[in-house]
Amino acid sequence: MRTSQLLLPTLREDPGEAETVSHRLMLRSGLIRKVAAGIYTYLPLGLRIIKKVETIIREEMNRAGAQELLMPVASPAELWKETGRWEYYGKELLRFKDRHERDFCLGPTHEEVITDLFRREVRSYRQLPLNFYQIQTKFRDEIRPRFGLMRGREFIMKDAYSFDLDDAGAKLSYQKMYDAYSRIFTRCGLTFRAVEADTGLIGGDVSHEFMVLAETGEATVVYSDKGAYAANLERAEIPAPSETDGTPLRSMTAVSTPQRKTVEEVTAFLNISPGRLVKTLLYEAEARTVAVLVRGDHEVNEVKLARLLGVTEVELAGPEKVMTLTGAPVGFAGPVGLKDVRVFADYAVKAMRNFVIGANQADTHFVDANWDRDFSVASFADLRNAQPGDPSPRGDGRLTLARGIEVGQVFLLGTKYSKKMNATILDEHGKERLAVMGCYGIGVGRTAAAAVEQNHDEKGIIWPFPIAPFHVHLLPLGQSAAVAAAVSGLYEQLQIAGLEVLWDDRDERAGVKFNDADLIGAPYQVVVGDKGLAEGTVEVKTRKTGEKIKLAPADVPAALLKRMAG
RNA sequence: CGGGGCGUAGCGCAGCCCGGUAGCGCGCCUGCUUUGGGAGCAGGAUGUCGGAGGUUCAAAUCCUCUCGCCCCGACCA
């Protein structure tokens, strides 16, 4: 491809709107342009990268036995009402009405549509296992789209859905996808880690996320320093600590803590460590309010809390609500004498004795409080976030935290959707059984963005070879007949060798071409100038290392092929 | 949803506080020179100053409303 035939608007300066590396570089190198918040056009060069990622995904999905199909972007409300997700999915589901006032939504995911297809078309266990996938545009009306392709509202996703006769079969399907995902991300040149994950709005029993470790990641990954355990922070289990020592209980007394509201203020004032205080958070969980107790130096994990309570979402109560329930301003809530509020406590609290808590009275805390004696706890559970240094729940070392970009997630759904939508098949005894499902997603654009996050330097992108928009960037310098002849010869020869070549045929100065080439990030640059040609050579530069070698033009294709293979 | 910021030429920005009818750099067009890491000189084109309303003799500038975008936060008591 010649640059003159390609819309490739590179930017000299960083666009004002972009903060993160991948967003900045994808805009600057002319891959994407924004149309609205979280909605982008893929320019020709950007689309080439998307297509490369898609090709890798297709190859691996097909290899794993999945079949490609394509579902519609618009789907009717009826299907979503069958599973309850018309309400449950919330505001992320973009809804609209057609001209007949019928309700529709733009598909954020396609469990309903595929399950509907399955129940209509598949009758017998003999047809199983089945796995369908598509690569399609999804729409999720995110609260806050950001970082370019990293969190868009409209984005390209590969989603797959497996159907099996029983749990064992479903597990096998799940494992196949897990393995396929590992191959896909490896082939895309990513350093990633599969971690245990929460199932969120999709639901199901078991789930793993594929995380690309990068500072700009929005997720927090927890993993053991010595063993194999790895999980999303939302999910990471924390084992119940061993029972308390036999410290004798002291009697509870109220102390004045004027203007001391936060854990830091209260513990500093009382001259104790935050680990000796128990904080009380009031949460609204759908219709009811609950109190959650965690140690002062711990944080409540809202995902765990929601799961324990069996709700979609929990929200910290506002100041007025706190005042109504506790009779005190925010900062002094405690479990003692709380009315009409169930109290849940983190395991760590169970191990504590003689701790400090809020007294439900302004400027007052209790010291030497003890659960059971001074207040009752509905149940103890794992309700906090893991912290660095916590023991691994698998007993294999201590936990470390890192940031990650979630590029894929796999779910073992069980019969959640098949039950609600009555997707049954006949088994070998002629008996109706619910299909056991799995679902599997990959963010295509996000995978490309993650690759940029992991592969760049101050000059620009350094594309991993398998997803590079072009393999070789051909840079003629000057307008001499010798250069023109050598370049068009090389252009032919490189393509005959099977390489994808971008030929910068603009009448630009050397510096401009070099800088654009470094920005765009093709793995190899071939520089053809009069200087080199005078001694019979052209220069081959490896983008990643900056290494430059001189070769006779005729030797370039073979040399590049050899390097790529090695 | 809350807070902060920004919207002025294709891009990056100044001008706004203190009203007087719009400017800089890059890019773009023409010509000449130049040509191995973002060229030089000369000439040139390009703006409903996000939108609406108001104040004023006069508004990019002041006031009100509105739309869009970016960043942070979304409550740890």
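So that the names make sense, note that chain A is the first sequence line, chain B the second, and so on, each numbered from 1.
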d(CZ, A:R146; C1', B:rG5) in whole Å: 16 Å
Pair A:T220-A:R403, side-chain donor/acceptor within less than 3.5 Å: yes
Ring centre gap for A:H471 and A:F465 strictly below 6.0 Å: yes
Sugar-phosphate only, base, or nothing, as touched by A:K34 at under 4.0 Å among non-hydrogen atoms: sugar-phosphate
Presence of donor-acceptor pair under 3.5 Å, side chain of A:R28 and base of B:rG38: yes
Polar pair under 3.5 Å, donor/acceptor by atom type, side chain A:E508, base B:rG38: no
Over-ring placement of A:R446 relative to A:F155, 6.0 Å and 45° cut-offs: no
Touch class at under 4.0 angstrom, heavy-atom based, for A:K531 against every strand present: base
Phosphate OP1/OP2 of B:rG36 contacted by A:R509 side-chain N/O (<4.0 Å): no
Pairing nucleotide - B:rA58, Watson-Crick or G-U, each distance under 3.5 Å: none
Sugar-phosphate only, base, or nothing, as touched by A:K459 at under 4.0 Å among non-hydrogen atoms: base
Carboxylate-amine/guanidinium contact A:K304 A:D346, below 4.0 Å: no
A:H365 NE2 to B:rC76 P, straight-line distance once rounded to whole Å: 14 Å
Gap separating the OG1 atom of A:T109 from the CZ atom of A:R85, nearest 0.5 angstrom: 5.5 Å
Touch class at under 4.0 angstrom, heavy-atom based, for A:G334 against every strand present: nothing
For B:rU30, the Watson-Crick or wobble partner whose two distances fall under 3.5 Å: B:rA42
Same-atom distance (C1') from B:rG73 to B:rU64, integer angstrom: 28 Å
Closest-nucleotide ordering on RNA chain B, the 5'-leading residue of A:V300 and A:L533: A:L533
Mate of B:rC49 where both pairing distances stay under 3.5 Å, Watson-Crick or G-U: none
Sugar-phosphate, base or nothing in reach of A:I143, heavy atoms under 4.0 Å: base
Nearest-0.5 Å distance that lies between atom CZ in A:R153 and atom CZ in A:F139: 4.5 Å
Sugar-phosphate only, base, or nothing, as touched by A:E539 at under 4.0 Å among non-hydrogen atoms: base
5′-ward residue of the pair A:T280/A:D516 relative to RNA chain B: A:D516
Nearest-Å distance once atom P is located in both B:rG38 and B:rC32: 24 Å
Atom-pair distance (CD on A:E458; C1' on B:rG37), nearest Å: 14 Å
Closest nucleotide among B:rC11, B:rC71, B:rG36 to the A:E13 side chain: B:rC11
A:D457 and A:R543 ion-paired at < 4.0 Å: yes
A:R235 with A:E209: basic N within carboxylate O range, under 4.0 Å: no
Between P of B:rU35 and CG of A:D530, the distance in whole Å: 11 Å
Touch class at under 4.0 angstrom, heavy-atom based, for A:A317 against every strand present: base
Selection from B:rG38, B:rC1, B:rG36 that lies nearest to any side-chain heavy atom of A:N515: B:rG38
C1' gap between B:rG12 and B:rG27, integer Å: 11 Å
Touch class at under 4.0 angstrom, heavy-atom based, for A:G529 against every strand present: base
Spacing between A:E17 atom CD and B:rG68 atom C1', to the nearest angstrom: 12 Å
Donor-acceptor pair under 3.5 Å, A:D14 side chain vs B:rG12 base: no
Distance in angstrom units between A:L316 CG and B:rC1 C1', rounded: 15 Å
Rounded interatomic separation in angstrom, taking CG from A:L281 and P from B:rC76: 8 Å
Side chain of A:A510 - closest among B:rC71, B:rG36, B:rG38: B:rG36
Residue A:K279, side-chain atoms from C-beta onward, closest of B:rG37, B:rC26, B:rC76: B:rC76
Integer angstrom distance from the C1' of B:rC71 to that of B:rC24: 27 Å
Sugar-phosphate, base or nothing in reach of A:V322, heavy atoms under 4.0 Å: base
Sugar-phosphate, base or nothing in reach of A:K321, heavy atoms under 4.0 Å: nothing
Inter-nucleotide C1' distance (B:rA74, B:rC67), Å rounded: 24 Å
Pairwise P distance for B:rC26 and B:rG68, with rounding to whole Å: 35 Å
Nucleotide paired to B:rG2 in any strand shown, Watson-Crick or G-U, under 3.5 Å: B:rC72
Who pairs with B:rA22 - Watson-Crick or G-U, where each distance is under 3.5 Å: none
Over 12 foreign heavy atoms within 6.0 Å of CD, A:Q387: yes
Base partner of B:rG7, which must satisfy Watson-Crick or wobble distances under 3.5 Å: B:rC67
Base-pairing assignment for B:rA14 (Watson-Crick or G-U wobble, both under 3.5 Å): none
Sugar-phosphate only, base, or nothing, as touched by A:L11 at under 4.0 Å among non-hydrogen atoms: nothing
Nearest-nucleotide pick for A:R12, side chain only, options being B:rC76, B:rC70, B:rG38: B:rG38
Distance in angstrom units between A:E315 CD and B:rC76 P, rounded: 13 Å
Pairwise P distance, B:rG23 and B:rU46 [rounded to whole Å]: 12 Å
Integer angstrom distance from the P of B:rA45 to that of B:rU30: 15 Å
